[in-house]
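One structure is given here, and the rest of the page talks about it.
Keep in mind that the numbers below use all heavy atoms, side chains included, and drop hydrogens, waters and symmetry copies.
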Amino acid sequence: MIDFKSTLNIALNSLKVNKMRSALTSLGIIIGVAAVIIMLAIGAGANKQVQANMESMGSNLLTIRSATAKTGGVSMGSGTKPTLSVKDAEAIKKQARGVEAVSSILNSTSQVMYGNQNWQTSVYGVNSSYLYIKNYEINLGRSFTKDDDNNAAKVALIGSTIETELFGDINPLGKTIRVGNVPFKVIGTLKSKGQMGPMDQDDLILIPLATAQRKVFGTDFPGSVKQILVKAKSLEDSTIAEQDIQEVLRRRHALGKLQENDFDIRNSAEFQEKMKSTVKTFAILLASIASVSLVVGGIGIMNIMLVSVTERTKEIGIRMAIGARAKDIRSQFLIEALVLSMLGGLIGVIIGILISLIIGGVFHTAIEITLPPILLSFGFSGLVGIGFGYYPAYKASLLNPIDALRYE
């Protein structure tokens, strides 16, 4: 009778004798595990980046746009028919449940100039609460005050892109820029938020809403705005707030039961959930594709082990002749397959982590390496070894000792 320790030593010695074959057999597992680690790291990094981008744009947001104007039966786009006003925003703040902050918005693109430098950018007339709602922070200087808005003061906050394009290394605070033909004093700069897809979140200028209405954009409908931005207290409150806002606006706009809304409400929570679901599906797809190479590696282990059984038939016969049982032979080959796959899995994990870090550094891609995918890949490599190593081990255990000894 041969104990497990002896079986383990025999299996390990057999692998040491055939080092090159063992290394080539493990290669498929190494590549498979490394691929899974890399793909999951990229997927997790993309998910984290999406969440960070969403948070930078503001969370629990409800964007209310004016109605769509039609010319000759052709829709001119959301916000082209002025149906929202500052009074609507005030009513929402007072009457809708779950609302934390509200800002009216009047925006357009405009040419801005400083000295002989000029740049075309987006100009937003907003309330001071807009910064809090959209998670903008002051880098230098100060934000708007109520007096700035009440007095339609010609003051501006500029994004980092505007700061770079117009001022370069010059401190912009206190300098005067021209938005169109209107002079504005720069009272503050905004901390950079970076790109959100194709959109540069730092390429903008914020001015008081009253200033935008009276001195920059003008309007044929006093008090009208293009959008109202609402921040709900929580994700759960955003649904309640959306329902209340619809009721408040329909009541204020005197809409009958059969009339359609003359406004449009977009809930960022729905968009965020769709984006998270898309990224998650993408990550699962990448991991699934990479997992195929693990299966291929397992098939490689099975093929090599079958060849090994054929080559070592006489050795098997000798072991059986001196007392080895069928389960001892089976255990030996299973251990060999398991060691090959686990060793390949360990090397694959190391290589996968290194390549993931290199990809993140070279391509400036968000990479997220966590323990669960590593343990999952390593554990799966072991299951592949056992699963694909069982048939060769079972075949070896069925050999007849006498026939095995006679094998040439």
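- Arg65 and Asp264 are not joined by a salt bridge, as no carboxylate oxygen comes within less than 4.0 angstrom of a charged side-chain nitrogen.
- Counting heavy atoms from C-beta on, the side chains of Arg250 and Phe263 come closer than 4.5 Å.
- Put simply, the side chain of Thr121 gets close to the backbone of Asp203: a donor and an acceptor are under 3.5 Å apart.
- Residue Glu260 places its CD atom among 12 or fewer non-hydrogen atoms of other residues, nucleotides or ligands, all under 6.0 Å distant.
- Between Asp202 and Leu190 there is no side-chain heavy-atom pair separated by less than 4.5 Å.
- By the 4.5 Å heavy-atom criterion applied to side chains, Lys154 and Thr211 are counted as neighbours.
- Taking the side chain as every heavy atom from C-beta outward, Val295 and Val384 never approach each other to under 4.5 Å.
- Applying the 6.0 Å contact sphere to CG of Asn181 captures no more than 12 heavy atoms from other residues, nucleotides or ligands.
- In this structure, Lys193 is positioned above the aromatic face of Tyr136, its NZ or CZ under 6.0 Å from the six-membered ring centre and within 45° of the axis.
- Looking at Glu368 and Lys48, a side-chain N of the basic residue comes within less than 4.0 Å of a carboxylate O on the acidic one, giving a salt bridge.
- Between the side chain of Ser192 and the main chain of Ser160, no donor-acceptor pair closer than 3.5 Å is present.
- Counting only N and O atoms by type, the side chains of Arg251 and Gln95 include a donor and acceptor under 3.5 Å apart.
- The backbone N or O of Val102 lies less than 3.5 Å from a partner atom in the side chain of Ser129, making a donor-acceptor pair.
- Taking both residues in full, the closest heavy atoms of Lys215 and Asn151 are given as NZ-O, 4.4 Å, listed atom of the first, atom of the second, then distance.
- At a threshold of 4.5 Å between non-hydrogen side-chain atoms, the residues Lys175 and Ile170 count as touching.
- Look at Arg142 and Asp148 and you find a salt bridge, because one of the NZ, NE, NH1 or NH2 atoms lies within 4.0 Å of a carboxylate O, short of that distance.
- Between Asp88 and Arg252 there is a salt bridge, since a side-chain N of the basic residue sits under 4.0 Å from a carboxylate O of the acidic one.
- Taking the side chain as every heavy atom from C-beta outward, Tyr130 and Leu229 approach each other to under 4.5 Å.
- Arg330 has no carboxylate O lying under 4.0 Å from a charged side-chain N of Asp328, or vice versa, which leaves the two without a salt bridge.
- In this structure, the side chains of Leu209 and Leu106 come closer than 4.5 Å at one or more pairs of heavy atoms.
- In the displayed structure, Phe378 atom CZ is contacted under 6.0 Å by more than 12 heavy atoms of other residues, nucleotides or ligands.
- At least one side-chain heavy atom of Val230 sits under 4.5 Å from a side-chain heavy atom of Ile64.
- Under the 3.5 Å distance criterion, with hydrogens and angles disregarded, no donor-acceptor pair is assigned to the side chains of Asn60 and Ser238.
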